[in-house]
Amino acid sequence: MNHHGHKQPPAKKFKPGSPPVKPKMQAAIHCGPKKMTVEEQRRSLPIYLARSQIIAQLRKLDSVVIIGETGSGKTTQIPQYLYEASIGRQSIIAVTQPRRVAAISLATRVSEERRTELSKLVGYTVRFEDVTSEETKIKFLTDGMLLREAIGDPLLRKYSVVILDEAHERTIHTDVLFGVVKSAQKKRKEQEKQPLKIIIMSATMDVDLFSEYFNGAPVLYLEGRQHPIQIFYTKESQSDYLQAALVTVFQVHQEVPASHDILVFLTGQEEIEAMTKTCRDISKHLPDDCPKMVVMPLYASLPHSQQLRVFQNAPKGQRKVILSTNIAETSITIPGIKYVVDTGMVKAKKYNPESGLEVLAVQKVSKAQAWQRTGRAGREDSGICYRLYKEEEFEKFEEMTVPEIQRCNLASVMLQLLVLRVPNVHTFDFMSKPSPDSIQAAIDQLHLLGAVERKGDQIVLTPLGKKMAAFPLEPKFSKTILLSPKFHCTEEILTIVSLLSVDSVLHNPASKRDEVQAARKKFISSEGDHITLLNIYRAFKNLGKNKDWCRENFINGRNMTMVLEVRSQLRDICIKLSMPMESSRTDTRNIRQCLAHGLFMHAAELQPDGTYTTVDTHQPIAIHPSSILFHCKPACVVYNELLHTSKCYMRDLCVVDADWLFEAAPDYFRRKLRTTKK
DNA sequence: GAGCACTGC
């Protein structure tokens, strides 16, 4: 272990070809061919050599930043070292993860290493699942879950240590937690309560930022077990990255042994499906002495069963080629990748606080992201990475991906901060501050929803706002639920909001378009997507939540099951708030009225020329092709979100009366009218 | 006339 002051630049630590990438559980699971006992495995980790030094440091320090290369074992071992050394043993050690699966698999792994039953000494808490008990001392949880817990107890008194893992990913939840744990630590010290130890764990990015933010916390560096990776850049700049990727894949394919699998990073579903087809076509016509190629697409909306195929080995003598979005950067770790092809491009969301518009666009990756991709080639053995851009181009990439908190609508975050009773949301101690415009836009939005009001120069939550914060939803959806008793349709609104807050339940395989349309016909409502989804849910419920029915109707059964879980969670919250649970049965008018009242800020009107403009800023927008109403021209609609891709599209529409909108927010629309008249 | 990166409460 090297122990540096935080001012030293960490980048020099890395040998060329040994990029800073982060560890994944799979590394420990697929550890080696020889069977080792759990104890032998723990001792064989690089981190074990530094165990006593680490313990001494952790005992001494209130806050520490730990930088660990891949395979260092920091996430599984450090919580155990703390426990074994009786540091923070009087209460619970929390370890956060950005993803559910990681929290679950890490807890499972560590409980095996402790030889205890999961939920006893070691447990986990994620949404819908709490596998902990009175005995639990080491608890893995999602960052979002710890943030939820903080709402009930901003000082996090349950915990003696909070470890924020994968901090370099800078998820919006981790970024808010930085501020929450920092303030909890300070307050607990002031009130002479049990101290809170903070451990930030990260790959090598942002070290100085982390250390400075936590009052100059020392940085510990851990050696990893990353295999060397050779990197090749292109000689010339590539104007067509798809063509470049195709050429590279087949060049590699014809030159290296078939057992070496290739992972290609592309930007989206359509591109990946097209490239899959091209690769399959070309590979059919290769010379006989060339190995066969198994091409697999990989992206998030691919059905789970098809995603799992990337873990199967290709038949002997054949090469696996995986064409993936950035899902293979962090969420899915594929063993045995020898070659990575990095196009240097990614599809990502940007947010413009002025227009309130989210733009989804193909853009260049950051250096950190390029390193992350490269690292996917060296997990089990040395690897090779082809970067489809020149080295000079790479040097011009942004160092870091912009943290999520600077890229999205902050309405939920601001509501959360207010319910956490932070003194002033405008001056909250963010590690990377969002723009003042972005914060103000979120406050304005909460104001329109009736969640906040101004008292003097302070912004405070209204009783309605406090209720809204109880729901794990975007504020506009919590508001819609809270409005629903007025329209006697809480049961239906719960269903609709649940359907909208999980991945789409509609499965649309491109090859079976006509069949899909025929099957879907019976659910379609001319009143829009919300009511259509409600019809689908009702049919699903009435037919006993049948799996065959899902398949026949091109409904994603897994996502439908998620809907049931979300719905029951939201319903429990309604009951705790003593809301009357009524159903509007066959009447859809009041459901649409309720949606109009909740989503009035997202309304659009048909213009004489047949196009649409938003009611608030008169921006031209179009109906997204995925909408039931794509071919229709209703006079007035509300929508869930605007998304700018090739055009500005509204997604998920509901037909409403213009009058309902004015009833919902007379002041707001009067103001809008005035501005439009001049 | 034509389309959707990835998480999470």
Side-chain angles (χ1 to χ4, degrees), chain A residues 96-103 125-130 141-152 166 169-177 265-274 298-302 324-332 343 345-350 358-363 365 369 372 401 403-405 407-408 412-413 415-416 419 468-475 477-478 497-498 501-504 506-508 510 513 562 565-566 569-570 573 610-612 622-627 630-633 640-652:
Chain A
T96 69
Q97 292 294 316
R99 286 167 290 279
R100 291 167 56 96
V101 276
T125 307
V126 295
R127 191 179 187 183
F128 310 128
E129 250 190 299
D130 182 12
L141 70 177
T142 46
D143 49 11
M145 201 68 213
L146 187 60
L147 200 54
R148 274 279 136 195
E149 288 189 7
I151 290 174
E166 309 280 24
E169 287 195 29
R170 305 295 304 273
T171 71
I172 198 161
H173 292 145
T174 298
D175 265 29
V176 178
L177 279 173
F265 284 102
L266 298 166
T267 69
Q269 173 175 347
E270 209 180 69
E271 186 177 284
I272 286 167
E273 289 296 349
L298 181 64
Y299 46 86
S301 62
L302 198 68
S324 176
T325 59
N326 43 346
I327 194 171
E329 267 171 32
T330 50
S331 304
I332 295 180
T343 56
M345 304 304 273
V346 66
K347 200 181 281 182
K349 219 177 236 180
K350 292 188 240 173
E358 291 175 326
V359 183
L360 189 63
V362 172
Q363 47 200 301
V365 297
Q369 213 172 352
Q372 177 69 24
T401 309
E404 203 183 352
I405 198 135
R407 281 187 291 130
C408 59
S412 300
V413 169
L415 188 62
Q416 246 156 0
V419 79
M468 282 165 63
F471 292 93
L473 292 170
E474 275 180 62
F477 290 133
S478 355
V497 168
S498 306
S501 57
V502 305
D503 288 337
S504 175
L506 307 178
H507 177 46
N508 298 316
R513 259 176 78 163
M562 265 299 260
E565 285 184 300
V566 173
Q569 185 189 28
L570 299 180
I573 296 168
T611 65
Y612 285 87
I623 299 178
H624 194 277
S626 66
S627 174
F630 181 53
H631 296 283
C632 311
K633 297 241 181 267
N640 287 348
E641 61 170 355
L642 278 187
L643 188 71
H644 196 110
T645 51
S646 60
K647 260 198 231 170
C648 192
Y649 287 109
M650 6 179 204
R651 287 170 61 174
D652 298 310

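By convention in this document, chain letters (A, B, ...) are assigned in the order of the sequence lines, proteins followed by strands, and residues within each chain are numbered from 1.
Looking at A:T174 and A:E169, their side chains never bring a donor and an acceptor atom within 3.5 Å of each other.
Among the heavy atoms of the strands lying under 4.0 Å from A:I327 are primed sugar atoms or P, OP1, OP2 only; no base atom is included. Within the nucleic acid shown, A:S504 has no heavy atom closer than 4.0 Å to any nucleic acid atom.
Between the CG atom of A:N640 and the C1' atom of B:dC4 there is a distance of 14 Å, given to the nearest Å. Atoms CD (A:E273) and P (B:dC4) sit 15 Å apart, rounded to a whole Å. Put simply, CG on A:L302 is 18 Å from P on B:dC4, counting in whole angstrom units. Taking atom CG of A:L643 as the reference point, atom P of B:dA5 lies 9 Å away to the nearest angstrom. Computed from coordinates, the A:D143 CG to B:dC6 C1' distance equals 13 Å when rounded to whole Å. Following rounding to the nearest Å, A:L360 (CG) and B:dC6 (P) show an atom-to-atom distance of 10 Å. In this structure, A:E271 atom CD and B:dC6 atom C1' are separated by 16 Å, rounded to whole Å. One interatomic measurement links the two molecules: CD of A:E149 to P of B:dC9, which rounds to 12 Å at whole-angstrom precision.
An OP1 or OP2 oxygen of B:dT7 is reached within less than 4.0 angstrom by no side-chain nitrogen or oxygen of A:T142. An OP1 or OP2 oxygen of B:dG3 is reached within less than 4.0 angstrom by a side-chain nitrogen or oxygen of A:S646. One finds a side-chain N or O of A:T645 lying less than 4.0 angstrom from the OP1 or OP2 phosphate oxygen of B:dC4. OP1 or OP2 of B:dG3 lies within a sub-4.0 Å distance of a side-chain N or O belonging to A:Y649. Within the structure, every side-chain polar atom (N or O) of A:T330 is placed at least 4.0 Å from both OP1 and OP2 of B:dT7. Checking the phosphate oxygens (OP1, OP2) of B:dC4, a side-chain nitrogen or oxygen of A:H624 falls inside 4.0 Å.
Taking every side-chain heavy atom of A:M145 into account, B:dC9 is the closest of B:dA2, B:dC6, B:dC9. Looking at the side chain of A:H631, the nearest of the listed nucleotides B:dC6, B:dG1, B:dC4 is B:dG1. When each of B:dA5, B:dG3, B:dG8 is scored by its nearest atom to the side-chain atoms of A:R100, the top-ranked nucleotide is B:dG8. Which of B:dT7, B:dA2, B:dA5 sits closest to the side chain of A:E404 comes down to B:dT7. Distances from the side chain of A:R127 to the nucleotides B:dT7, B:dC9, B:dA2 place B:dC9 closest. In the set B:dG8, B:dA5, B:dA2, B:dA5 carries the atom at the smallest distance from any side-chain atom of A:K347.
For CD of A:E565, the number of neighbouring non-hydrogen atoms (other residues, nucleotides, ligands) closer than 6.0 Å is greater than 12.
Counting distance only, with no hydrogens placed and no angle test, the side-chain atoms of A:S626 and the base atoms of B:dC4 include a donor-acceptor pair under 3.5 Å.
Under a 3.5 Å cut-off, the side chain of A:Q372 and the backbone N or O of A:E329 do form a donor-acceptor pair.
When all heavy atoms of A:R100 and A:R127 are compared, the closest pair comes out as NH1-O, 2.7 Å. Between A:G610 and A:K633 the shortest heavy-atom distance is O-NZ, 3.4 Å.
In this structure, the ring-ring contact (aromatic ring centres under 6.0 Å, His included) partners of A:H624, at least two apart in sequence or on a different chain, are A:Y649.
Each of A:D503 and A:R651 was matched to the nucleotide of DNA chain B holding its nearest heavy atom; the match closer to the 5' end belongs to A:R651. Taking the nucleotide of DNA chain B with the nearest heavy atom to each of A:Q97 and A:R513, the more 5' of the two is matched to A:R513.
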